[in-house]
Amino acid sequence: MKLFRQTVYQALAAALFAGLLLTLLQQLGVTPLILQAEQYELAGTTSHAATSDHSHSEAAPGHHQVDEWAPQDGLERHFFTLLSNSLAAFGFALILIAAIRAGQLAGRWPQPGLPGGLAWGTAGFLIFFAAPSLGLPPELPGMVAADLEARQLWWLLCTSSTAVALVQIVLGPLKWKFLALIPLFLPHLVGAPQVMGPHFTHPDPTALAALHSLHTQFIWATGITNALYWLALGAACCWLVARAPLSAEGPAPA
Amino acid sequence: MHTTTESSPIESSRARAKSQALRPLLAALLLGSVVIYAAGFLPTAVAHNAAHDSRHSHVFPCH
């Protein structure tokens, strides 16, 4: 279990670095857009509640349910975002390092350096951001979307299927590489769960136009942020893995 | 495990490393999946509220 313990420590180190970087990058482009969308969401909900019999006036900014604990806006909210980012990065790093080690053992990439790290990061970006975003574009708070569980299941199908496709493209024999097209397109042929009707239902047309503009900015902001985050995570994981080479007896002492 | 790489062919050394590494790497993969579930998918309101901005940034389906 030495390799498992070492993988966990390496993933933790990579996650602390990537989680902090993601939190800082988010402050530049992503979080301000989320906060702006929440303001429209709150205004739209209040306005809707005032004119509707079946109000959902318990909704608060960020869809936080009032009855349940939620971090206070400001430092507390940023702290929990940092914590969640690092937790997600830890999960991704565990999978990434396991894959990098499997690549080493298969004799394909015995010494993944910086180019290898950037390649693994690109793979992570394609699997966990680009592919699912084609079916389920990055969502702003307040957007109307299809059933949550159906979208989560499709996300799982899309990411795992894209991962299988990338493995087939890289490792499959040349004449069979075309088979990667099946898992690559399968989730998109199945189709992501979509909502019938508009994504924004704000009663004010000016606000609606602003929300659509915010959404376009949000897609770019999350795309650039995730690209940098995944490249950093891939590079960090490969750097850590390269510091502790595998031997026949397991990983060498760090 | 006292055998050395000097006395074994490289291929058998690699095969042994592979068989020994399979379980810990699968365990890491499984733990990683559970951790991602906790960060991005756990449906309880408290988990959602704490991880809200992170879920939107990671483009996990949220709400």
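Reminder, nothing fancy here: chain letters follow the sequence lines and each chain counts from 1.
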Worksheet item: Closest heavy-atom contact between A:Leu87 and B:Ala39?
Response: CD2-CB, 3.9 Å
Worksheet item: Distance only, no hydrogens: is a donor on one side chain within 3.5 Å (strictly under) of an acceptor on the other, for A:Thr31 and B:Asp53?
Response: no
Worksheet item: Just how far is it from atom CD1 of A:Ile97 to atom CG of B:Leu25, taken to the nearest 0.5 Å?
Response: 10.0 Å
Worksheet entry | Under 4.5 Å from any heavy atom of chain B - which part of A:Pro132 | neither
Worksheet item: Non-hydrogen atoms of chain B under 4.5 Å away: do they reach the side chain of A:Leu136, the backbone, both or neither?
Response: side chain
Fill in: 4.5 Å side-chain heavy-atom contact, A:Lys2 and B:Gln20
no
Item to complete: Nearest 0.5 Å please: distance from the OG1 atom of A:Thr81 over to the NE2 atom of B:His56.
Response: 11.0 Å
Fill in: Minimum heavy-atom distance A:Trp69-B:Ala50, with the two atoms named
CZ3-CB, 3.7 Å
Worksheet entry | Between A:Leu148, A:Leu25, A:Leu156, the one whose heavy-atom pairs under 4.5 Å with chain B are most numerous | A:Leu148
Item to complete: Working to the nearest 0.5 Å, report the span between OG of B:Ser57 and CG of A:Leu33.
Response: 10.0 Å
Response to the item:
Ranked by heavy-atom pairs below 4.5 Å to chain B, first place among A:Val30, A:Leu83, A:Thr222, A:Asn85 goes to A:Asn85
Worksheet item: Which answer fits B:Ser33, side chain, backbone, both or neither, if we ask what part of it has an atom under 4.5 Å from a heavy atom of chain A?
Response: both
Worksheet, complete the sentence: From the list B:Leu30, B:Leu29, B:Val34, the residue making the most non-hydrogen contacts under 4.5 Å with chain A is B:Leu29
Response to the item:
Bottom line for A:Ala88: the part with an atom under 4.5 Å from chain B's heavy atoms is both
Worksheet entry | Selection from B:Ala27, B:Gly40, B:Cys62, B:Ala38 maximising heavy-atom pairs under 4.5 Å formed with chain A | B:Cys62
Discussion item. For a 4.5 angstrom cut-off between non-hydrogen side-chain atoms, does B:Pro24 reach A:Thr7?
Written reply: no
Worksheet item: For the residue pair A:Ser84 and B:Ala51, what are the closest heavy atoms and their distance?
Response: OG-CA, 3.3 Å
Worksheet entry | Under 4.5 Å from any heavy atom of chain B - which part of A:Asn226 | side chain
Discussion item. Would you say that B:His52 contacts A:Pro71 through its side chain, given a criterion of any heavy-atom pair below 4.5 Å between the two side chains?
Written reply: no
Item to complete: Kindly indicate whether the side chain of B:His63, heavy atoms from C-beta on, has any atom under 4.5 Å from the side chain of A:Met143.
Response: no
Worksheet entry | Pairs of heavy atoms under 4.5 Å with chain B: top-ranked of A:Phe218, A:Phe128, A:Trp154, A:Tyr229 | A:Tyr229
Discussion item. With rounding to the nearest 0.5 angstrom, report the CZ to CG distance, A:Arg77 to B:Asn49.
Written reply: 9.5 Å
Response to the item:
Closest heavy-atom pair, A:Leu105 versus B:Ala21, reported as atoms and distance to 0.1 Å, is CD1-CB, 3.3 Å
Worksheet item: What distance do A:Gln152 atom CD and B:Tyr37 atom OH have between them, rounded to the nearest 0.5 Å?
Response: 7.5 Å
Fill in: A:Gln194, CD atom: more than 12 neighbouring heavy atoms under 6.0 Å
yes
Worksheet item: Considering all heavy atoms of both residues, which atom of B:Ser54 and which atom of A:Gln26 are nearest to each other, and what is their separation?
Response: CA-NE2, 4.3 Å
Discussion item. Surrounding NE2 of A:His188 (heavy atoms of other residues, nucleotides or ligands, distance under 6.0 Å), is the total greater than 12?
Written reply: yes
Response to the item:
Turns out that what part of A:Glu139 lies under 4.5 Å from chain B's heavy atoms comes down to both
Fill in: Side chain / backbone / both / neither for A:Ile34 at chain B, heavy atoms under 4.5 Å
side chain
Discussion item. Just checking A:Phe92 against B:His58, ring centres under 6.0 Å apart?
Written reply: yes
Worksheet item: Do the non-hydrogen side-chain atoms of B:Leu31 and A:Val8 ever get within less than 4.5 Å of each other?
Response: yes
Worksheet item: Once you round to the nearest 0.5 Å, how far does CG of B:Leu26 lie from CZ of A:Phe4?
Response: 11.0 Å
